[in-house]
Enquirer: 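Dumping the structure here so I can ask a few things about it.
In what follows, chains are A, B, ... by sequence order, proteins preceding strands, each numbered from 1.
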Amino acid sequence: MEHSFQKNILPKSFYTQSVLTVAENLLGKIFVRKITNSIISAKIVEVEAYDGSIDEAAHTYRGKTQRNKLMFEEGGILYVYFIYGNHYCANVVTGNKNEGKAVLIRAAEPIEGIDRMAINRFGRKCLNRKEYINLTNGPGKFCKSFGINKSHGGVDLLSENIFILNNDKLPKDKIIKTTRIGITRSKEFNWRFYIKDNPFVSKP
DNA sequence: CCACGGATTGGCT
DNA sequence: GCCAATCCGTGGA
């Protein structure tokens, strides 16, 4: 089974595509984190693209800084940032080195390790469906359930313990493309993608 | 050096 | 629906 995993891990060439292509194609893929003796995995159901070359909402819009430098690396690693004094958000870096483009993982549907996610998020197992939905229906919540923090910035997505598995391509009519959430600038870009009718999407 | 605001969340009206 | 919490990075009021 170690082997079937290996075959399905998204290759470097997936991540070096354009940020919008990666964003749309990440929908339905399986984000996996292996922790000692356990696996946490979830299907990606909502993402947003950020492109520092034309996008004022991107952290990379004003050039390279200490904080955003990982987002300027070649595609295929994580860029994790801390926001509002409380939350981490995980991004998949895309494209070539020095482009400053990434895809924010906004929501996912738990598959494996649900009790472990609940411990990470609430300190105990889920008590009801509301809590189950609340595990991963937002970018900060996803990171909390997966135990992702600043220390995971720069992690290679082709590594042993964190990677994304391929999955069947979603039919076009299941993909909704709309404006991004929570930003004040460059609001007009339709760079948010989510899976239609999926209960884990953060907002309709 | 320091003031300001943020790719969010959760609790309260 | 509205708003406070909370703190770090950024840029210059």
Enquirer: Crowded around A:Arg129 CZ? As in, over 12 foreign heavy atoms under 6.0 Å?
Expert: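 Not more than 12 within 6.0 Å, no.
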Enquirer: Measuring from atom CZ of A:Phe31 to atom CG of A:Leu165, what distance do you get when rounded to the nearest 0.5 angstrom?
Expert: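 So the gap between those two atoms works out to 10.5 Å.
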Enquirer: According to side-chain hydrogen bond (donor to acceptor under 3.5 Å, both in side chains), who are the partners of A:Asn120, at least two apart in sequence or on a separate chain?
Expert: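 Counting only residues at least two positions away or on another chain, A:Asn120 forms no side-chain hydrogen bond (donor to acceptor under 3.5 Å, both in side chains).
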Enquirer: State whether A:Arg124 and A:Asp115 are salt-bridged, where the test is any N-O pair (Lys NZ or Arg NE/NH1/NH2 against Asp/Glu carboxylate O) under 4.0 Å.
Expert: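 No, A:Arg124 and A:Asp115 are not salt-bridged.
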Enquirer: Is it the case that A:Lys177 places NZ or CZ above or below the six-membered ring of A:Phe193, under 6.0 angstrom from the centre and within 45 degrees of the axis?
Expert: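 Ring-cation test returns no.
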Enquirer: Would you say the side-chain atoms of A:Asn96 and A:Lys101 include a donor-acceptor pair closer than 3.5 Å?
Expert: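 Per modelled atom types, A:Asn96 and A:Lys101 side chains form no pair under 3.5 Å.
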Enquirer: What's A:Asp55 touching, base or sugar-phosphate or nothing? Going by heavy atoms closer than 4.0 Å.
Expert: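 Counting heavy atoms under 4.0 Å across all strands, no contact is made by A:Asp55.
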Enquirer: Can you tell me, in whole Å, how much space there is between the C1' of C:dC3 and that of B:dG5?
Expert: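 Their C1' atoms lie roughly 15 Å apart.
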Enquirer: So, A:Glu46 and A:Lys203, do they make that salt bridge, N to O below 4.0 Å?
Expert: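 No, A:Glu46 and A:Lys203 are not salt-bridged.
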Enquirer: What dot-bracket string describes DNA chain C from 5' to 3', counting Watson-Crick and G-U wobble pairs whose defining distances are under 3.5 Å, with [ ] for crossing pairs and | for pairs to another strand?
Expert: |||||.||||||.
Enquirer: Check every nucleotide of DNA chain B for an atom under 4.0 Å from a heavy-atom of chain A, then give the first and the last such nucleotide from 5' to 3'.
Expert: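 Nucleotide range with atoms under 4.0 Å of chain A: B:dG6 to B:dG10.
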Enquirer: Distance only, no hydrogens: is a donor on one side chain within 3.5 Å (strictly under) of an acceptor on the other, for A:Ser159 and A:Asn161?
Expert: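 Judged by distance alone, the side chains do not pair up.
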Enquirer: When you measure from the centre of the six-membered ring of A:Tyr61, is the NZ or CZ of A:Arg185 closer than 6.0 Å and no more than 45° off the axis?
Expert: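 Judged by the rule (NZ or CZ under 6.0 Å from the ring centre, within 45° of its axis), A:Arg185 is not positioned above A:Tyr61.
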Enquirer: Is there a residue in residues 183-204 of chain A whose heavy atoms reach under 4.0 Å of DNA chain C, and which residues are they?
Expert: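 Residues of residues 183-204 of chain A under 4.0 Å from DNA chain C: none.
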Enquirer: Which letters describe nucleotides 4-13 of chain C, given B = protein heavy atom under 4.0 Å from base, S = only from sugar-phosphate, - = neither?
Expert: -BBBSSSS--
Enquirer: I'd like to know if the side chain of A:Tyr50 pairs up with that of A:Glu48 as donor and acceptor (distance under 3.5 Å, no hydrogens or angles considered).
Expert: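 Present: a donor and an acceptor within the cut-off.
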Enquirer: How about A:Asn137 and A:Lys141: does a side-chain donor come under 3.5 Å of a side-chain acceptor?
Expert: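 Yes, side-chain donor-acceptor contact under 3.5 Å.
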Enquirer: Kindly list each side-chain donor-acceptor pair under 3.5 angstrom involving residues 21-30 of chain A, sequence neighbours excluded, with atom names and distances?
Expert:
unit_1  : atom_1 : unit_2   : atom_2 : d
A:Thr21 : OG1    : A:Ser18  : OG     : 2.9
A:Glu24 : OE2    : A:Lys172 : NZ     : 2.9
A:Asn25 : OD1    : A:Lys169 : NZ     : 3.0
A:Asn25 : ND2    : A:Thr21  : O      : 2.9
A:Lys29 : NZ     : A:Asn25  : O      : 2.8

Enquirer: Looking only at side chains, do A:Thr178 and A:Arg192 share a donor and an acceptor under 3.5 Å apart?
Expert: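 Result is no, nothing qualifies.
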